[in-house]
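One structure below.
The structure presented is a predicted model; accordingly, all values stated were derived computationally and were not measured.
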Amino acid sequence: DCIDYAFLFGRTLEYVIKEKEISDAEIRLVRAKNATLFGERIDSHDWVEVIDKKTGQKLNIDPTFYDFGFGSEITHSIKN
């Protein structure tokens, strides 16, 4: 289930950020409804967004897609 993967991955990133004292990063769990990923409409899907608080740059990481061999970085593939 993508929500489980995303939640676990997000919590793990939060732990690493805290342990490494990285104050510039923010982690968000994203739940998208009717999103388009890789040109395909997906009714509901979850992933993790990492935000650099200094620059505002966002990186969207999908651990479910990674496990299926599609790669994990989906930032340029998202259309809402």
Task: Interatomic spacing from CD1 in I27 to CG in L13 - rounded to 0.5 Å - done: 4.5 Å

Open item on the list: Starting from I17, can I reach L59 by hopping between I/L/V/M/F/W/Y residues whose side chains sit under 4.5 Å apart?
Closed with: yes

Open item on the list: According to a hydrophobic-cluster definition based on side-chain heavy atoms being under 4.5 Å apart (Ile, Leu, Val, Met, Phe, Trp, Tyr only), do F9 and V30 belong together?
Closed with: no

Task: Closest approach of K53 to A25 (non-hydrogen atoms, all atoms of both residues) - done: CE-O, 3.6 Å

Task: Euclidean distance, R31 CZ relative to F7 CZ, rounded to 0.5 Å - done: 11.5 Å

Task: Student check: side-chain heavy atoms of V50 and K58 closer than 4.5 Å - done: no

Open item on the list: Can you confirm whether E19 is buried at CD, in the sense that more than 12 heavy atoms of other residues, nucleotides or ligands lie under 6.0 Å from that atom?
Closed with: yes

Task: E49 side, atom CD; L29 side, atom CG - distance, nearest 0.5 Å - done: 10.5 Å

Task: Nearest atoms (heavy-atom pairs only) where W47 meets I61 - done: CB-O, 3.4 Å

- [ ] Kindly give the heavy-atom pair with the smallest separation between P63 and Y5, and that separation in Å.
- [x] CG-O, 3.6 Å

- [ ] Work out which heavy atom in A6 is nearest to a heavy atom in V48; give both atom names and the distance.
- [x] O-CG2, 3.2 Å

- [ ] Would you indicate whether the side-chain heavy atoms of L8 and T12 approach each other to under 4.5 Å?
- [x] yes

Open item on the list: Determine whether Y15 and K20 satisfy the following criterion, side chain to side chain contact (heavy atoms under 4.5 Å, CB included), listing intermediate values before the conclusion.
Closed with: CA-CA 9 Å; Y15 173 79; K20 296 292 184 180; over 6 Å; no

Task: Stepwise side chain to side chain contact (heavy atoms under 4.5 Å, CB included) check, I42 with K33 - done: CA-CA 7 Å; I42 297 176; K33 302 232 182 250; over 6 Å; no

TODO: Report the distance from atom OG1 of T64 to atom CG of D67, rounding to the nearest 0.5 Å.
DONE: 7.0 Å

